[in-house]
Chemist: 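Below is the structure I would like to discuss, written out as structure tokens.
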Protein chains: 2
Amino acid sequence: MRDFLPADKARREHVLAVIRAMFSAHGFDEIETPVMEDSVRLHAGLGGDNEKLAFGVLKRGLTAEDLAATSDPLDLADLGLRFDLTVPLARFYATHRAVLPAVFRSIQIAPVWRAERPQRGRYRQFVQCDIDIIGEPGPLAEVEILTATAATIDALGLTGWTIRVNDRRILTGLLNYSDVPIGLHERVLIAIDKLDKVGVGGVLDELTELGIQTERIALVLRDSGDNPGGWYFGDDTPDWLDTDAYDSLLRLREAVPSASFEFDPTLVRGMGYYTGTIFEIAHPASSSSLGGGGRYDGMIGRFLGVDVPAAGFSIGFERILDLLELPVAGSADAVALLYDAGVEPATLMELKAALIDSGRRVRLERAPRNVKPLLEQLAASGFSAVATVTPDVTDIAQLQFRALREG
Amino acid sequence: MRDFLPADKARREHVLAVIRAMFSAHGFDEIETPVMEDSVRLHAGLGGDNEKLAFGVLKRGLTAEDLAATSDPLDLADLGLRFDLTVPLARFYATHRAVLPAVFRSIQIAPVWRAERPQRGRYRQFVQCDIDIIGEPGPLAEVEILTATAATIDALGLTGWTIRVNDRRILTGLLNYSDVPIGLHERVLIAIDKLDKVGVGGVLDELTELGIQTERIALVLRDSGDNPGGWYFGDDTPDWLDTDAYDSLLRLREAVPSASFEFDPTLVRGMGYYTGTIFEIAHPASSSSLGGGGRYDGMIGRFLGVDVPAAGFSIGFERILDLLELPVAGSADAVALLYDAGVEPATLMELKAALIDSGRRVRLERAPRNVKPLLEQLAASGFSAVATVTPDVTDIAQLQFRALREG
């Protein structure tokens with residue numbers, strides 16, 4: 001968990017404002033849910049491995065007797081901090097469905113928490129930016145989500161990114177073709193999901209341990225490695241390919257011309273709730289994806305009792321931020337007034353108010369003996385000009401601003 | 001804890017943006033700290049009664065043996081959710097002082113959590129908007145804080161509010177004059193703080209129980225009730241009045257002409273860490289204050305080991321929001337496209353993209369059999385116009401928009 005100093009915070013808020021505005025322009029509506037959800041809901045099996053990383057919140061008013069009566073720490077937590085924004089969205093939709101549009105397009109921009117071991121690039125509190133479309137069964141959902149995502153990443157000035165796509169049905173086809181028993185599908189997918197980390201050999205070793213015949217899967221894994229991101233099936237599609245699903249990916253690519261698509265039949269995406277298209281944003285400068293999502297038609301039903309189609313995308317805000325080159329959030333309108341000890345607070349405040357009224361951002365600073373370090377700090381913080389206030393100054397027309405230059 | 005639906009969320013974000021922009025114009029810098037702080041720090045005696053309301057976060061990896069080894073629930077929580085933004089600020093300043101300006105003006109706009117019993121108008125998760133000035137010992141700190149606060153509340157369009165002020169030194173003078181032993185000061189102040197709830201009689205009963213001679217205090221409590229908010233001391237100040245502190249309040253009033261000030265010698269403000277001026281925003285439509293603050297010169301030293309002067313103000317965001325009359329966050333630029341089932345997603349997306357490029361916010365809606373409820377919902381959500389897309393439409397010039405009117 002991190003503190004954010006002013007320059008960092010300004011950078012974060014700037015990027016969040018761009019994301020928020022772009023998602024909104026694309027017709028999505030922002031909502032907010034509490035950071036805590038019922039413990040039972042967080043541990044309902046919808047969060048995959050992340051459930052184990054949920055911070056538990058201690059029940060209030062616990063007594064020594066309560067402690068003595070249990071040996072399971074989870075009994076002491078009735079609430080927990082959310083580990084993603086999808087479980088809260090499903091709960092939100094189930095609660096408020098009656099007053100939401102038939103097709104509900106949501107924005108969630110909010111922190112989530114995971115009790116990860118501290119390591120480089122992994123934070124225990126981090127921001128996710130999610131868009132979801134609930135209630136749209138057709139491909140328009142994926143098209144709108146990827147179009148809005150592409151427009152947002154472009155608006156942030158990031159270049160060189162691609163969208164990797166696959167479909168859960170293609171993975172299922174591959175597993176069936178390789179005679180993987182249904183009961184082992186989930187474990188085999190988890191093994192394939194590690195391809196980036198352990199390589200083809202590592203995945204095949206794990207499959208062999210599970211008792212899987214690996215010849216056919218090995219062929220696809222190697223093909224995919226030889227031809228990364230390729231749409232390599234023309235008229236002659238391989239036997240294992242779910243052609244319906246593959247055709248829908250081709251149409252998706254066509255409907256989002258603003259993005260560069262790569263087909264990757266080995267793309268799994270960790271969460272078990274995906275049912276159709278899955279996608280993630282890849283960038284050569286980042287070893288992990290910059291965000292991902294997909295279709296999850298069965299999940300809302302787990303809360304609502306009635307299946308409702310849904311698809312979503314989650315931008316990994318912290319990872320994108322790391323890749324962006326943003327200037328200091330300086331503004332030509334930020335000025336500082338250096339005042340002598342003899343100046344009355346009331347006079348200072350009148351000058352400040354007049355400058356603010358004229359559209360400036362104003363910082364007051366008592367003039368130090370050595371002014372150089374202060375001027376450097378002000379320039380580095382985005383202030384563009386400074387003027388000195390002596391006791392004879394009573395009107396902003398008397399102020400003589402001199403420009404500050406960084407570095 | 002509450003969910004926020006799109007209209008509510010838009011309203012909240014709009015108000016937060018106004019507050020953020022106004023604080024920033026006044027020269028304050030936004031920072032952010034993690035929502036969790038070390039449990040020890042949250043229970044260090046700086047948070048008053050709020051410490052008891054802190055949500056504890058369960059340690060990770062607890063075993064049955066850990067549970068058996070303790071009878072105190074607090075032993076099981078190493079972290080907790082912050083109950084205010086002042087304790088985190090003091091910790092933040094102590095950590096980062098070396099890289100912060102000599103006089104640091106901070107903005108914090110963030111949620112806090114208190115395990116209150118559910119009741120009307122009290123939430124377990126709510127947003128506070130704090131500004132603080134650390135490192136300025138003189139009255140300019142209070143002047144800048146109250147000027148920025150007044151400008152912010154004015155910018156939100158709220159009228160009829162006043163600033164109630166007092167000084168901890170005036171309270172101390174009153175207690176000394178009434179022969180209250182130093183050891184009882186804190187308890188007597190807590191009793192006086194309940195004046196609004198229990199009345200003069202209730203306070204005096206409690207003081208009598210504490211063994212305090214109440215004649216002199218009773219006089220001030222009654223005077224204050226007869227002359228609410230009055231600056232009633234001319235040349236002939238009462239014996240108990242700390243005239244230095246009173247004069248500084250008069251100068252504060254003079255230096256912030258944009259606000260209406262009331263002097264209230266019975267104003268206490270709950271937190272024990274205040275050392276000088278204290279103030280709160282009162283409004284006739286709200287039984288509790290809309291925010292408050294004051295000078296707390298000793299607190300930073302508790303974390304840093306060196307005393308640093310500080311003053312701050314916390315806007316009670318949820319209470320102010322309740323008083324504001326804001327229109328639906330509609331925009332003349334939000335339009336909806338009603339499409340027939342036969343329209344290709346790619347075509348729809350081209351039309352949508354062209355409208356977004358022209359500065360519009362665009363929502364796609366599949367045309368329902370009965371269009372009236374949908375149009376009403378769109379109007380209520382701030383959409384201003386709608387056009388129908390049939391398969392023959394391929395360019396936005398062909399779209400015929402008709403205006404939507406709410407109600």
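Just so it is clear, the structure is predicted and the values come from calculations on it, not from any experiment. Lettering follows sequence order; numbering is per chain, from 1.
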Chemist: Non-hydrogen atoms of chain A under 4.5 Å away: do they reach the side chain of B:Phe126, the backbone, both or neither?
Modeler: neither
Chemist: So, are B:Asp29 and A:Lys9 salt-bridged, with charged N and O less than 4.0 Å apart?
Modeler: no
Chemist: Given heavy-atom pairs under 4.5 angstrom as the criterion, report whether the side chain, backbone, both or neither of B:Leu62 touches chain A.
Modeler: both
Chemist: If you count heavy-atom pairs under 4.5 Å with chain B, which of A:Pro73, A:Ala17, A:Ala64, A:Ala255 comes out on top?
Modeler: A:Pro73
Chemist: Return the minimal non-hydrogen interatomic distance between A:Phe92 and B:Leu5, and the atom names on each side.
Modeler: CZ-CD2, 3.6 Å
Chemist: Between A:Arg2 (side chain) and B:Glu32 (backbone), is there a donor-acceptor pair under 3.5 Å?
Modeler: no
Chemist: What is the distance from atom CZ of B:Arg91 to atom CG of A:Asp3, rounded to the nearest 0.5 Å?
Modeler: 4.0 Å
Chemist: With a 4.5 Å heavy-atom cut-off, do A:Phe4 and B:Pro34 have their side chains touching?
Modeler: no
Chemist: Mark yes or no for whether B:Glu30, through its side chain, and A:Ala10, through its backbone, hold a donor-acceptor pair below 3.5 Å.
Modeler: no
Chemist: Output the option from B:Asp66, B:Val35, B:Ile107 having the highest count of non-hydrogen pairs under 4.5 Å with chain A.
Modeler: B:Val35
Chemist: Tell me, out of B:Ser71, B:Gly138, B:Ala346, who's got the most heavy-atom pairs with chain A below 4.5 Å.
Modeler: B:Ser71
Chemist: Give me the atom names and distance for the closest heavy-atom approach of A:Pro6 to B:Leu100.
Modeler: CD-CD2, 4.5 Å
Chemist: Just how far is it from atom CG of B:Leu140 to atom CZ of A:Arg366, taken to the nearest 0.5 Å?
Modeler: 8.0 Å
Chemist: Which heavy atom of B:Leu79 sits nearest a heavy atom of A:Arg124, and at what distance?
Modeler: CD1-NH2, 4.4 Å
Chemist: Assess whether side chain to side chain contact (heavy atoms under 4.5 Å, CB included) is satisfied between B:His26 and A:Arg361, documenting all intermediate values.
Modeler: CA-CA 6 Å; B:His26 281 254; A:Arg361 173 172 196 231; over 6 Å; no
Chemist: For B:Met349, is it the side chain, the backbone, both or neither that has a heavy atom under 4.5 Å from a heavy atom of chain A?
Modeler: side chain
Chemist: Could you grab the distance from atom OG of B:Ser24 to atom CD of A:Glu13, nearest 0.5 Å is fine?
Modeler: 11.0 Å
Chemist: So which residue, B:Glu365, B:Glu254, B:His96, ends up with the most heavy-atom pairs under 4.5 Å with chain A?
Modeler: B:His96
Chemist: Which bit of B:Leu374 comes within less than 4.5 Å of chain A, counting heavy atoms only: side chain, backbone, both or neither?
Modeler: neither
Chemist: What part of A:Phe104 is in contact with chain B, defined as an atom under 4.5 angstrom from a non-hydrogen atom: side chain, backbone, both or neither?
Modeler: side chain
Chemist: Mind ranking B:Ser106, B:Pro88, B:Pro101 by heavy-atom pairs under 4.5 Å with chain A and telling me who comes out on top?
Modeler: B:Pro101
Chemist: Give, as side chain, backbone, both or neither, the part of A:Val99 having an atom under 4.5 angstrom from any heavy atom of chain B.
Modeler: both
Chemist: So which part of A:Tyr339 gets closer than 4.5 Å to some heavy atom of chain B, the side chain, the backbone, both or neither?
Modeler: side chain
Chemist: Roughly how far apart are B:Thr147 OG1 and A:Ile356 CD1, rounded to 0.5 Å?
Modeler: 8.5 Å
Chemist: When you measure from the side chain of B:Arg363 to the backbone of A:Ala25, do you find a donor-acceptor pair of N or O atoms at a distance under 3.5 Å?
Modeler: no
Chemist: With rounding to the nearest 0.5 angstrom, report the CZ to CD distance, B:Arg251 to A:Glu344.
Modeler: 8.5 Å
Chemist: Check each atom of A:Leu81 against the heavy atoms of chain B and say whether the ones under 4.5 Å are side chain, backbone, both or neither.
Modeler: side chain
Chemist: Taking side chain as everything from C-beta outward and backbone as N, CA, C, O, which of these in B:Glu136 sits under 4.5 Å from a heavy atom of chain A? Side chain, backbone, both or neither.
Modeler: side chain
Chemist: Roughly how far apart are B:Asp72 CG and A:Thr63 OG1, rounded to 0.5 Å?
Modeler: 11.0 Å
Chemist: Of all of A:Val256, A:Val103, A:Leu58, A:Leu74, which one pairs up most often with chain B through heavy atoms under 4.5 Å apart?
Modeler: A:Leu58
Chemist: Considering all heavy atoms of both residues, which atom of A:Thr70 and which atom of B:Leu67 are nearest to each other, and what is their separation?
Modeler: O-CD2, 3.6 Å
